[in-house]
Amino acid sequence: MELILLRHGITEGNQRKLCYGSTDLPLLPEGAAALQEAAQTKHYPKAERYYTSGMRRTEQTLEMLYGEVPHKVLPGLREMDCGELEMIPFAQLEEVPAYCNWMHDATGDTPVPGGESFRQVLERGMMELNRLIEKDEDAVCVMHGGIMGLILDQWFPGKPFGYYVPHPGSGYQVTVTAGKPVAICPIPGE
């Protein structure tokens, strides 16, 4: 089975380097244009099934890359809820104790005030993807960088935190054998 995990295209939150996840931002016009160009010049694997987190940016990304394909929404793949820190520039958060506690909790159990912990996000994301793996059908999932990075860190440990967070519009092809992720390859290809 091939599991294609793609991050949505560029939004205002990415461009302005905001701490955001639950705010339902659309793609920026330049984000949509970059995806349209990539769809014509790069290789994005196709699959039997297509899924998004249901947020506008993932819905738009799926359409830009694959057209109007039938798909299902998996809410467990939505991005982390950053609670009280939502939509604040990261540069302003570096000295905020709640942010520091959340980001530097080695267990991942500390939630951001009014939001989620890394463990909560990982668990809901893993639950969704494990259901897909049980179906044993190739699938494309358009989702978000934070949750994708957490899941891939779990499946392929040993890299620095954040290593698997892809650039907007890119992601990974994960080969799953006998229900286990066994190989990973960056996408899109040339």
Arg56 with Glu59: basic N within carboxylate O range, under 4.0 Å:
no

Could you label the plane-to-plane angle of the Phe156 and Tyr164 rings as parallel, tilted or perpendicular, counting under 30° as parallel and over 60° as perpendicular?
tilted

Side chain to side chain contact (heavy atoms under 4.5 Å, CB included) with Thr58: which of Leu74, Asp24, Thr52?
Thr52

Closest heavy-atom pair and its distance - Ala39, Met64
CB-O, 3.6 Å

Using the rule that two of Ile, Leu, Val, Met, Phe, Trp, Tyr join whenever any of their side-chain heavy atoms come within less than 4.5 Å, decide whether Tyr20 and Leu27 are in one cluster.
no

With a 3.5 Å cut-off and no angle check, do the side chains of Ser22 and Glu79 form a donor-acceptor pair?
no

Just to verify, what does Tyr51 make a ring pair (Phe, Tyr, Trp, His ring centres under 6.0 Å) with, not counting sequence neighbours?
none

Glu86 (side chain) donor-acceptor with Cys82 (main chain) under 3.5 angstrom:
yes

Evaluate side chain to side chain contact (heavy atoms under 4.5 Å, CB included) for Val140 paired with Lys46, printing each intermediate quantity in order.
CA-CA 7 Å; Val140 169; Lys46 293 184 166 68; over 6 Å; no

Hey, is the main chain of Asp81 close enough, under 3.5 Å, to the side chain of Glu116 for a donor-acceptor pair?
yes

Please report the shortest heavy-atom distance between Arg57 and Gly21, naming the atom on each side.
NH2-O, 2.7 Å

Closest approach of Phe90 and Leu18, non-hydrogen atoms and distance?
CE1-O, 3.1 Å

Rounded at 0.5 Å granularity, tell me how far CZ in Arg7 sits from CD1 in Ile147.
13.0 Å

Here the pair of heavy atoms bringing Trp155 nearest to Leu129 is CH2-CD1, 3.8 Å

I'd like to know if the side chain of Arg78 and the backbone of Met55 have a donor-acceptor N/O pair within less than 3.5 Å.
no

In terms of heavy-atom contacts, Pro188 and Gly169 come closest through CD-O, 4.2 Å

Where the side chain of Thr23 meets the backbone of Leu25, is there a donor-acceptor pair that is under 3.5 Å apart?
no

State, yes or no, whether a side-chain contact exists between Met1 and Lys135 at a heavy-atom distance under 4.5 Å.
no

What about Met127 and Val73, same hydrophobic cluster or not, with Ile/Leu/Val/Met/Phe/Trp/Tyr joined at side-chain heavy-atom distances under 4.5 Å?
no

Nearest atoms (heavy-atom pairs only) where Val165 meets Gly149:
CG2-CA, 4.0 Å

Going hydrophobic residue to hydrophobic residue with side-chain gaps under 4.5 angstrom, can you get from Met126 over to Leu150?
yes

Taking the side chain as every heavy atom from C-beta outward, state whether Thr175 and Glu2 have any atom pair closer than 4.5 Å.
yes

